[in-house]
Amino acid sequence: MRRLIAASIWARGAIPPDEWKYRNLKRVWLPLYDIIAIFAGLQAIMYGSTILNRLFAPFVVDTLGVFMTIIATVCLAGVAFPRLWPVEMVGKILLVALVAGYVTTILIFSESATPNLFVVGMLTWGLPLAFFRLNLLGEELKERRAEGAQK
């Protein structure tokens, strides 16, 4: 268990001093974001989605819930264990794509003259944090490549 904690973002020294200003982002907010996404996926599995249930067979909604849960768990693993950053990057891209697909489904297949823009807004409201994290991961990737080129 100690080795697991030592490899995590919560280990002493896991965040370099020059990134200390991001410690709460990495240790609290990003994991919480992924935990909420896991929760949302589980809710989709257990209860479905009112909007999606009208459009698709239950197994499709369940499958989307399973994908959401798996993808969010992968993202959480990547946040919790910094060495898994490539896994997190792929997971965050898939998570954004899944949410974007849901939003697009609501906008395209809305049964009323005006789509449920409140739901669309609530879904897209959380995306900037995922995009910010992808931006950070991209910057870290550039730094790794620059360090590798210097060696």
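No continuous path of ILVMFWY side-chain contacts below 4.5 Å connects Ile35 to Trp125, so the two sit in separate hydrophobic clusters. Both Leu134 and Leu141 belong to a common hydrophobic cluster when Ile, Leu, Val, Met, Phe, Trp and Tyr are linked at side-chain heavy-atom distances under 4.5 angstrom. Clustering ILVMFWY residues whenever any of their side-chain heavy atoms sit less than 4.5 angstrom apart, transitively, puts Ile71 in the very cluster that holds Val103. Tracing side-chain contacts under 4.5 Å through hydrophobic residues (I, L, V, M, F, W, Y), one reaches Leu107 starting from Val61; they form part of the same cluster. Cluster membership check: Phe81 shares its hydrophobic cluster with Val74, using side-chain heavy-atom separations under 4.5 Å among Ile, Leu, Val, Met, Phe, Trp and Tyr.
Ile45 CD1 to Thr69 OG1: the interatomic distance, rounded to the nearest 0.5 Å, is 3.5 Å. With rounding to the nearest 0.5 Å, the separation of CG in Leu4 from CZ in Arg2 is 13.0 Å. Separation of atoms CG (Leu137) and NZ (Lys92) is listed at 8.0 Å; rounding is to 0.5 Å. Rounding to the nearest 0.5 Å gives a distance of 11.5 Å between CG of Leu84 and SG of Cys75. Atom CG of residue Leu76 and atom CD1 of residue Ile38 lie 5.0 Å apart, to the nearest 0.5 angstrom. Distance CG/Leu94 to CD1/Ile70: 11.0 Å, rounded to 0.5 Å.
For Tyr102 against Ser49, the heavy-atom pair with the smallest separation is OH-OG, 2.7 Å. Of all heavy-atom pairs spanning Val96 and Ala130, the tightest one is CG2-CB, 3.7 Å. The minimum heavy-atom distance linking Ala7 with Pro82 is given by the pair O-CD, 3.5 Å. Across every non-hydrogen atom of Ala44 and Gly65, the tightest pair is CB-CA, 3.7 Å. The shortest non-hydrogen separation linking Ala11 to Arg27 is O-NH2, 3.1 Å.
Between Ile5 and Trp10, the closest side-chain pair of non-hydrogen atoms is not below 4.5 Å. Looking at Ile106 and Leu117, their side chains never come closer than 4.5 Å, going by heavy atoms from C-beta outward. Contact check for Met68 versus Leu95: side-chain heavy atoms found under the 4.5 Å cut-off. Between Val60 and Leu52 the shortest side-chain heavy-atom distance does not fall below 4.5 Å.
By the 6.0 Å contact criterion, CZ on Phe56 is enclosed, its count of non-hydrogen atoms from other residues, nucleotides or ligands being greater than 12. Surrounding CH2 of Trp85 are more than 12 heavy atoms belonging to other residues, nucleotides or ligands, all under 6.0 Å away. Within a 6.0 Å radius of CZ in Arg54, other residues, nucleotides and ligands contribute more than 12 heavy atoms.
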Inset, instruction - Please lay out, stage by stage, how Arg23 and Glu19 fare under the test salt bridge (Lys or Arg N to Asp or Glu O under 4.0 Å). - result: CA-CA 7 Å; Arg23 70 187 180 279; Glu19 294 181 17; over 6 Å; no

Inset, instruction - Mind running side chain to side chain contact (heavy atoms under 4.5 Å, CB included) on Leu136 and Leu25 for me, showing each step along the way? - result: CA-CA 11 Å; Leu136 286 178; Leu25 175 68; 3.7 Å; yes

Inset, instruction - Show your reasoning for whether side chain to side chain contact (heavy atoms under 4.5 Å, CB included) applies to Phe109 and Ile51. - result: CA-CA 9 Å; Phe109 295 107; Ile51 296 168; over 6 Å; no

Inset, instruction - Please test Arg144 against Glu147 for salt bridge (Lys or Arg N to Asp or Glu O under 4.0 Å), starting from the C-alpha separation and ending with a verdict. - result: CA-CA 5 Å; Arg144 284 183 183 93; Glu147 288 172 6; over 6 Å; no

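We find that Lys26 and Glu140 are joined by a salt bridge, their nearest charged nitrogen and carboxylate oxygen being less than 4.0 Å apart.
Here the rule is side-chain contact (heavy atoms from CB on, under 4.5 Å) with Ile9, and of Val28, Leu30, Ile15 only Ile15 fits it.
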